[in-house]
Amino acid sequence: MPYENILVETRGPVGLITLNRPKALNALCAALIRELGLALDAFEADNEIGAIVLTGSEKAFAAGADIKEMATKSYMDVYLADFITHGWEQVTKCRKPVVAAVAGYALGGGCEMAMMCDFILAADTAKFGQPEITIGTIPGAGGTQRLTRAVGKAKAMEMCLTGRMMDAAEAERAGLVSRIIPAADLVDEAIKVAERIAEMSRPVVMLCKESVNAAFETTLTQGVKFERRLFHSTFATEDQKEGMAAFAEKRTPSFKNR
Ligand code: HXC
């Protein structure tokens with residue numbers, strides 16, 4: 001289907017979604033969020049796709065929710081529409097891994113959207129921030145929660161209360177991003193990483209993602225127990241048999257996603 005605010009392509013087993021509102025630095029308007037949800041659903045349903053990369057432009061991953069669209073909304077507008085839960089959480093509900101490739105600004109809802117992805121690869125130009133306080137509001141798509149879990153209370157509190165941005169080096173030191181990549185190579189490298197994930201057994205990748213995500217929702221004892229159950233369940237797959245047989249036979253496994 002034709003999209004107006006995003007570009008959608010496939011690169012082999014990787015679905016690539018590029019936020020594409022250059023004039024507004026990819027501000028996340030309602031139409032963009034709707035399109036993103038549709039594109040994610042389509043990749044989720046596509047058996048040829050094993051992982052997804054979400055990226056923006058060189059200047060901005062996304063400079064936040066669309067301030068001009070939000071500016072005049074009333075309390076009842078946002079409450080009744082459950083703004084912004086609807087649509088955004090599609091990123092977190094996707095069972096296939098979603099890699100955020102962030103160059104330039106990832107601010108407000110842009111930072112929150114990157115943090116909803118499974119991990120963030122950052123260009124050396126990336127800048128992360130939650131500047132909502134400077135426009136009289138607070139993060140509303142999980143920023144106070146996910147940033148705090150990612151970088152700890154001190155940095156998250158300072159960033160949310162002052163709007164200070166973090167550059168790529170600080171974000172890597174703080175554990176917000178998995179790696180820094182030269183800006184010119186960011187998307188190619190993110191696709192390579194996603195291709196590597198797509199080579200693995202799809203059901204086992206999903207179980208693994210589910211288990212890591214459980215670490216944010218449970219106690220250690222419950223999380224370890226949950227992991228063990230999922231670990232056991234991988235032994236019900238043909239792919240675990242194939243993976244271990246291939247290791248013993250010194251060959252590359254051929255996973256059947258079963
Ligand atoms: C709507 C935006 C926008 C945004 C930028 N633009 N960010 N429009 N919503 N979040 C528009 C500008 O109005 C401008 O349009 C064009 O993009 C280029 O932006 P400039 O400001 O001219 O660029 P620059 O001087 O390079 O500054 C870049 C910037 C700045 C530092 C990123 O644009 C900025 O501070 N943006 C807002 C960041 C922010 O506060 N984000 C949080 C939003 S609240 P025109 O038409 O003038 O050329 C939020 C809440 C989330 O995200 C809650 C849950 C979703």
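For ligands, and for the atoms within them, numbers begin at 1 and follow the listed sequence.
- Under 4.0 Å from ligand 1, not a single heavy atom of Thr134 appears.
- Distance check for atom 7 (N) of ligand 1: a protein heavy atom is found below 4.0 Å.
- Defined by atom type and a distance below 3.5 Å, a donor-acceptor pair is missing between the side-chain atoms of Glu89 and Thr92.
- Close contacts between ligand 1 and Gly64 involve ligand atoms 52 (O) [criterion: under 4.0 Å to a heavy atom].
- Counting only non-hydrogen atoms, the option in Met113, Lys23, Lys68, Met70 that gets closest to atom 17 (O) of ligand 1 is Lys23.
- When only non-hydrogen protein atoms are considered, atom 44 (S) of ligand 1 lies nearest to Ile135 CD1, 3.6 Å.
- When distances from atom 26 (O) of ligand 1 to the protein are checked, a heavy atom turns up under 4.0 Å.
- At under 3.5 Å, not a single nitrogen or oxygen of Gly140, backbone or side chain, sits near a nitrogen or oxygen of ligand 1.
- Atom 30 (C) of ligand 1 is not flagged as protein-proximal [any protein heavy atom, distance under 4.0 Å].
- When atom types are taken as modelled, the side chain of Thr125 and the backbone of Gly104 share a donor-acceptor pair closer than 3.5 angstrom.
- Here the CZ-CD1 distance, from Arg164 to Ile133, works out to 15.0 Å after rounding to the nearest 0.5 Å.
- Heavy atoms of other residues, nucleotides or ligands lying less than 6.0 angstrom from NZ of Lys241 number more than 12.
- Distances between N or O atoms of Ala63 and those of ligand 1 include at least one value under 3.5 Å.
- Note that atom 21 (O) of ligand 1 has no protein non-hydrogen atoms nearby, at separations under 4.0 angstrom.
- Ranked by closest heavy atom to atom 40 (O) of ligand 1, the top entry among Gly136, Pro131, Pro22, Ala141 is Pro131.
- Of the heavy atoms in Lys59, only side-chain atoms (C-beta onward) come closer than 4.0 Å to ligand 1.
- Using a 4.0 angstrom heavy-atom cutoff, Glu112 counts as in contact with ligand 1.
- With rounding to the nearest 0.5 Å, the separation of SG in Cys29 from CE in Met70 is 11.0 Å.
- Cation-pi contact between Lys96 and Phe43: absent, since separation from the ring centre below 6.0 Å together with deviation from the ring axis within 45° is not met.
- Here the CE-CZ distance, from Met115 to Phe128, works out to 9.5 Å after rounding to the nearest 0.5 Å.
- In this structure, Trp88 has a heavy atom closer than 4.0 Å to ligand 1.
- For the atom pair CZ (Arg173) and CG (Asp167), the distance works out to 7.0 Å, reported to the nearest 0.5 Å.
- Protein heavy atom at the shortest distance from atom 2 (C) of ligand 1 is Ala24 O, 3.9 Å.
- Salt bridge Arg196/Glu199: present, at least one basic N to carboxylate O contact under 4.0 Å.
- Surrounding CD of Glu9 are more than 12 heavy atoms belonging to other residues, nucleotides or ligands, all under 6.0 Å away.
- Protein heavy atom nearest atom 34 (C) of ligand 1, with residue, atom name and distance: Leu107 CD1, 4.8 Å.
- For ligand 1, the polar-atom distance check finds an N/O of Ala65 within less than 3.5 Å of one of the ligand's N/O atoms.
- Of the candidates Leu25, Thr137, Ile67, the one placing a heavy atom closest to atom 18 (C) of ligand 1 is Leu25.
- Phe231 and Phe235 have perpendicular rings, their planes meeting at more than 60° on a 0 to 90° scale where under 30° would count as parallel.
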